[in-house]
Amino acid sequence: MLDRALLRNNSDRVRAAAVNKGEPCPIDEWLELDERRRSLLGETEELRRRRNELSKEVSSLKKEGKEADARILESRETGEKIASFEKDLDATDARMSELELYFPNIPDPDVPLGSDETFNRIILTVEEKPSFDFKALPHWELLGELFDQKASGSIAGSNFILLRGWAAWLQRILINWMMDFHHRADMEEIWVPFLANRESMTSTGQIPKLEDDMYHIEKDDLFLVPTGEVPLTNLYRDSILQENDLPIRIFGYSPCFRREAGSYGKDTRGLNRVHQFEKVEMVQMVKPENSEATLEKMAVHVGEMLELLNLPYRISLLATGDLSFAAAKCYDFEVWSAGQEKWLEVSSVSNFRDFQSRRGGIRYRPAGGGKLQYVHTLNGSGLALPRIMAAIIENGQTESGKIMLPKVLAERTGIEILG
RNA sequence: GGAGAGGUGGCCGAGUAUGGCUUAAGGCGUACGCCUGCUAAGCGUAUGAGAUUAACGUCUCCGAGGGUUCAAAUCCCUCCCUCUCCGCCA
């Protein structure tokens with residue numbers, strides 16, 4: 001959500017941001033309503049002031065034992081007028097609030113301008129791609145029956161994952177390794193609910209835009225979380241923090257549920273695009289002046305993980321058209337997957353500035369006093385499991401179809417080769 | 001799912017029986033000042049949020065939403081959440 005003052009005074013910036021992100025922008029309707037609202041508000045407040053005044057007069061007249069019928073009558077008539085004004089005012093305000101949910105966040109000035117991912121700027125490539133003197137296989141062939149699509153299909157449906165044997169084991173130890181890595185970086189581990197309510201989904205920005213991409217439990221009006229970002233960020237919804245509570249640095253594991261409605265094609269093969277995947281997510285809440293530096297630090301942290309896992313990777317600064325609705329700036333991390341011979345997105349690290357904290361009411365009190373400020377929120381995947389699994393399996397394959405584990409995992413588990 | 005008790009400013013906590021000097025007491029915390037070799041303590045002052053306005057000011061907010069009333073933190077209805085006990089259950 002954007003500041004109403006910004007919408008009112010910088011409507012051109014809002015309009016430009018929406019165009020660059022490829023989002024609709026109901027700013028003209030909003031501006032009209034804003035005019036109307038302020039005028040209604042003035043009149044309503046004047047009437048309410050009068051009613052308050054009359055109430056006091058009635059009160060003191062009655063105390064003196066005098067009659068107050070004239071005042072009571074006027075107060076009643078004023079009340080009726082107020083009710084009619086309020087009805088109009090409430091409707092106007094409600095419509096404005098509804099529209100405000102549709103304004104996307106404004107991209108940072110250094111975000112490349114462009115309508116889609118072809119405008120993303122690759123800012124770093126750590127490219128020591130493995131080479132094989134045999135034909136490298138994609139992970140689904142290497143996994144074979146350990147990646148049991150027939151079973152997951154019959155249990156849940158297509159594009160759900162069922163892993164067996166060492167494949168299941170690898171995913172579990174990867175999750176543990178990732179979480180321990182964040183632990184050592186001095187973040188607080190959080191175990192979160194995997195379902196979230198409508199308010200939570202609205203504050204992080206999934207609702208209204210992505211509502212149809214989520215699994216929804218109608219009976220309880222709950223959503224299966226599409227990312228750990230939702231419960232982690234909403235941990236501090238509607239709260240006022242002290243300045244020395246900041247920065248808040250938390251992380252947690254969650255499965256991520258996405259309907260992926262309408263996305264079919266070759267990208268859906270294997271572990272690349274599925275309805276439920278596992279992910280470890282980091283969230284930080286910082287003072288506004290620190291969010292840019294924090295974004296860089298989080299990106300470095302994610303890069304370290306990929307280097308430890310010995311995965312070739314590259315970092316893209318997303319262009320405006322590829323930037324998500326709520327983000328102001330985002331780095332995407334992609335790892336090289338040798339069997340498929342392509343880059344797979346495994347992490348997004350984003351700065352949301354005050355966009356989510358406004359929606360969710362996450363503020364802090366500056367140490368020297370003064371007005372409450374909205375925190376800046378950031379999040380980053382650290383990391384998304386299935387594609388990391390795919391890359392580890394494909395990059396570590398041997399001619400005989402076994403998998404060499406990255407050193408860091410081999411040392412941790414005492415197991416060097418899978419399969 | 002059933003019964004009971006609760007939800008009031010950053011936090012704690014009065015106020016609800018009897019609607020109207022509540023402009024929400026008091027405390028903690030915080031800020032500033034005073035005082036004391038330093039520190040701690042003590043004393044004094046200030047201190048909720050939001051909307052609107054050039055400003056003064058005005059209005060709104062006591063879990064959420066309705067209702068009654070000239071007037072609602074207070075009375076009525078619906079819902080949500082927390083705690084305790086019971087039921088069910090991994």
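The analysis underlying the following values was restricted to heavy atoms, covering all of them including side chains, and did not include hydrogens, waters or symmetry mates. Chain letters run A, B, ... following the sequence lines, proteins first and then strands; every chain starts at 1.
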Looking at G4(B), which nucleotide sits across from it as a Watson-Crick or G-U wobble partner, both distances under 3.5 angstrom, or is there none? C83(B)
Per Leu372(A) side chain, nearest of listed nucleotides G20(B), A49(B), A71(B): A49(B)
For U45(B) versus C62(B), give the span between their C1' atoms, rounded off to a whole number of Å. 28 Å
Scan side-chain atoms only and decide if Tyr253(A) and Glu189(A) contain a donor-acceptor pair under the 3.5 Å cut-off. no
Between the side chains of Glu57(A) and Ser60(A), is a donor N or O closer than 3.5 angstrom to an acceptor N or O? no
Against the side chain of Ser59(A), the closest entry in U53(B), G20(B), G10(B) is G20(B)
Shortest non-hydrogen contact from Thr44(A) to Glu86(A)? CG2-CG, 3.9 Å
C1' atom, A72(B) versus C35(B): distance in rounded Å? 47 Å
Please report whether the ring centroid of Trp336(A) lies less than 6.0 Å from that of Tyr313(A). no
Could you tell me if the ring centre of Phe355(A) sits under 6.0 Å from that of His376(A)? no
Within the structure shown, what part of the strands sits under 4.0 Å from Arg363(A) by heavy-atom distance: base, sugar-phosphate, or nothing? sugar-phosphate
Reckon Leu54(A) touches a base, only the sugar-phosphate, or nothing at all at heavy-atom distances under 4.0 Å? nothing
Nearest to the Lys62(A) side chain among A49(B), G20(B), U52(B), which nucleotide is it? G20(B)
Angle between ring planes, His216(A) versus Phe223(A), binned at 30° and 60°: parallel, tilted or perpendicular? parallel
Any chance CG of Asn310(A) has more than 12 other-residue heavy atoms, nucleotides or ligands included, within less than 6.0 Å? no
A31(B) pairs with, by Watson-Crick or G-U criteria that keep both distances under 3.5 Å: U45(B)
Where do N or O atoms of nucleotides 54-59 of chain B meet protein N or O atoms at under 3.5 Å, pair by pair?
from	atom 1	to	atom 2	distance (Å)
U58(B)	O2	Glu45(A)	OE1	3.1
C59(B)	OP1	Asn52(A)	ND2	3.3
C59(B)	O2'	Arg48(A)	NE	3.1
C59(B)	O2'	Arg48(A)	NH2	3.1

A14(B) versus U58(B) - spacing of their C1' atoms, nearest Å: 29 Å
Between A49(B) (C1') and Tyr374(A) (OH): distance, integer Å: 10 Å
How is Leu241(A) classified with respect to the nucleic acid when contacts are heavy atoms under 4.0 Å: base, sugar-phosphate, or nothing? nothing
If the C1' atom of U16(B) is compared with that of C76(B), how far apart are they to the nearest Å? 14 Å
